[in-house]
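Notes for the one structure printed next.
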Amino acid sequence: MTNITRRQFGKVAATTSALAGVSLPEFSLAQSKPENRQFPPGFAWGCATAAYQIEGGVHEGGRGTSNWDIFSHTPGKIANDDTGDVADDSYHLYKEDVRLLKDLGAGAYRMSIAWPRIFPNGKGQPNQAGLDYYKRVLDELLANNIAPYVTLFHWDLPAALAGGWQSRATALAFADYAGYVARQLSDRVRYFMTTNEFSSFTDLGYKTGLLAPGLKLSPAEVNQARHHGILAHGLGVEAIRANAPAAEVGVAENATVGVPVIEDHANMDAARRATREENAPFLTALLEGAYTESYLQGPNAPHVEPGDMKAIGSPLDFVGLNVYTSAYVRADGSERGYAIEPYPASFPRMASPWIYLAPECVYWAVRNVCEIWNPKAVYITENGCSAADVVTAEGRIEDTDRVMYLRNHLTHLERATSEGFPVKGYFLWSLLDNFEWIDGYSKRFGIYHVDFKTQRRIPKLSAEWYRAVIARNAVV
Ligand code: PNW
């Protein structure tokens, strides 16, 4: 069902035979200067997805209930009351989806494992059928020379874990789950990420109530949930290392990225300060093994047990950054030394209102993180956008706006690699249109269009474009 419907994907052969004997000059190759926009040799190109957003099959293979099953089935929480019950049906169509990656020439794939498929009750007895499902997916990837990068927690928390991230026990259960998966799957997986986006599953789940479980707790309670989130990461890193010594371990984090309003010393310094301060509860704590003094001030500081910060600060092999937009920073005379500029009303955005088109974010994400914390390696673990895609009468999706977004971001990423920052790879969010959390199926991030009635996948213009990027290892 791969059905290459895009012209240049499928009809190259036809064109070639129609013009048999005529040799066409390769204008695109000859006229640009690829050497200026080239990525380093061995750069990993991939796409990213997450289990609840693509798998469906929520009642199959012994999977337990997750917080997202409950939340998405609560009326009024999700656009159109959509749920992830079926999503992209990747639970059954994973071979086709690996084929889509292969068609792009991708050498890497970032996917997540659904904790409730492995431990239906969050802990205790593991579920062999769930593990076997992921073995099949991983074997399919490996047979196609696609390296799996596995996220262990992308928000689908086993509902049986009472209290969710309010409970310290959840962090301990995560460590057991991470260690178990690492032991079972490290013959197939080299790269593990513990968790995806601390602020999304703590702040948005327990402070604003936008995401599961939809709570609005006090600042002290929120800080405690945040602490349990990063503690899970830290204990998870230790458990993965104990069970899979050869694994490379990292995290996928949507750090707030300070972008200097002007690239001069004062503003660049302010952007660095902002990046450190604004990420104090999360990435800063991970990479420094301590909370900042300012974060610990006041009555709402989290309760920290002896040993917690050492685990949280466990050395990482790589830092994964999910980057979609910028926070523009100006140096000022305040005590903290910076201000974040609000977005003017006319600032361009993509189809999701929070995605301001600010492509410098990828360069400054890498540079700030490297200059502050000097990690061994950095990946862009997510970058992409929603767009108001239209299927034409001929069945095409000409998503020029998504290509514009991606091309600009890669141009800024290439600036980072060319300046020598250790960026090892890029994962485009997302391979497929999928269940976009509270936006349900109303927002499309895929480079393959999905017809959710038929599950038919159609490559968009952006898929054709990304295929050319990968083939050339350069911005095109
Ligand atoms: C990420 N923000 O979420 C998630 O990792 C994906 O699962 C999700 O589909 C993708 O981005 C697109 O939304 C984010 O408000 C959610 O800054 C919100 C924000 C950033 C990332």
Side-chain angles (χ1 to χ4, degrees), residues 46-55 66-68 71-72 78-79 82 84 87-88 90 109-115 149-157 193-212 229 233 250-259 275 278-279 281-283 320-328 340 343 347 349-358 361-362 365 379-387 389 402 405-406 409 426-448 450 462:
C47 292
T49 62
Y52 189 69
Q53 296 182 269
I54 65 164
E55 283 179 4
S66 82
N67 60 344
W68 268 94
F71 192 69
S72 68
I78 312 290
D82 289 336
D88 293 313
S90 263
Y109 179 49
R110 177 172 173 243
M111 55 180 272
S112 83
I113 287 185
W115 182 352
Y149 285 64
V150 168
T151 313
L152 291 166
F153 177 67
H154 200 127
W155 308 358
D156 41 2
L157 188 71
M193 284 145 287
T194 53
T195 50
N196 182 73
E197 299 191 350
F198 297 112
S199 68
S200 297
F201 73 83
T202 60
D203 288 16
L204 299 186
Y206 296 83
K207 182 177 162 188
T208 65
L210 215 57
L211 304 183
H233 157 84
V251 66
E253 177 60 344
N254 61 331
T256 298
V257 177
V259 173
T275 300
E278 299 295 321
N279 298 297
F282 308 118
L283 194 61
L321 298 168
N322 296 356
V323 191
Y324 290 87
T325 198
S326 297
Y328 287 102
I340 295 184
Y343 278 103
F347 206 101
R349 311 183 208 191
M350 302 306 294
S352 300
W354 57 274
I355 306 187
Y356 291 93
L357 177 62
C361 59
V362 279
Y379 286 85
I380 301 300
T381 35
E382 287 181 25
N383 173 242
C385 67
S386 52
D389 301 328
R402 181 177 285 105
Y405 175 99
L406 295 168
H409 283 74
Y426 172 89
F427 293 88
L428 198 164
W429 185 274
S430 184
L431 176 66
L432 301 164
D433 295 337
N434 60 46
F435 178 77
E436 175 52 23
W437 307 113
I438 56 168
D439 291 324
Y441 301 99
S442 71
K443 291 284 186 280
R444 294 176 177 272
F445 278 77
I447 58 173
Y448 284 91
V450 176
S462 51

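Whatever order the structure lists them in is the order used to number ligands and atoms, beginning at 1. Residues take their numbers from the sequence shown, with the count starting at 1.
Checked against the 6.0 Å centroid threshold, Tyr109 and Phe427 do not count as a close aromatic pair. Separation of the Tyr324 and Trp429 ring centroids does not fall under the 6.0 Å cut-off. Phe201 and Tyr206 have their aromatic ring centers separated by at least 6.0 angstrom. Aromatic ring centroids of Tyr379 and Tyr426 lie 6.0 Å or more apart.
In this structure, Tyr328 and Phe347 have tilted ring planes: the angle between them lies in the 30° to 60° band.
Taking Asp433 as the reference, Arg444, Lys460 meet the salt bridge (charged side-chain N to carboxylate O under 4.0 Å, His left out) condition, with sequence neighbours excluded.
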N/O to N/O under 3.5 Å, ligand 1 against protein:
residue	atom	partner	partner atom	Å
ligand 1	3 (O)	Glu197	OE1	3.1
ligand 1	5 (O)	His154	NE2	3.3
ligand 1	5 (O)	Asn196	ND2	2.9
ligand 1	5 (O)	Glu197	OE2	3.3
ligand 1	5 (O)	Glu382	OE1	3.0
ligand 1	5 (O)	Glu382	OE2	2.8
ligand 1	7 (O)	Gln53	OE1	2.7
ligand 1	7 (O)	His154	NE2	2.9
ligand 1	7 (O)	Trp437	NE1	2.8
ligand 1	9 (O)	Gln53	NE2	2.9
ligand 1	9 (O)	Trp429	NE1	3.3
ligand 1	9 (O)	Glu436	OE1	2.6
ligand 1	11 (O)	Tyr324	OH	3.1
ligand 1	11 (O)	Glu382	OE1	3.3
ligand 1	13 (O)	Glu436	OE2	2.6

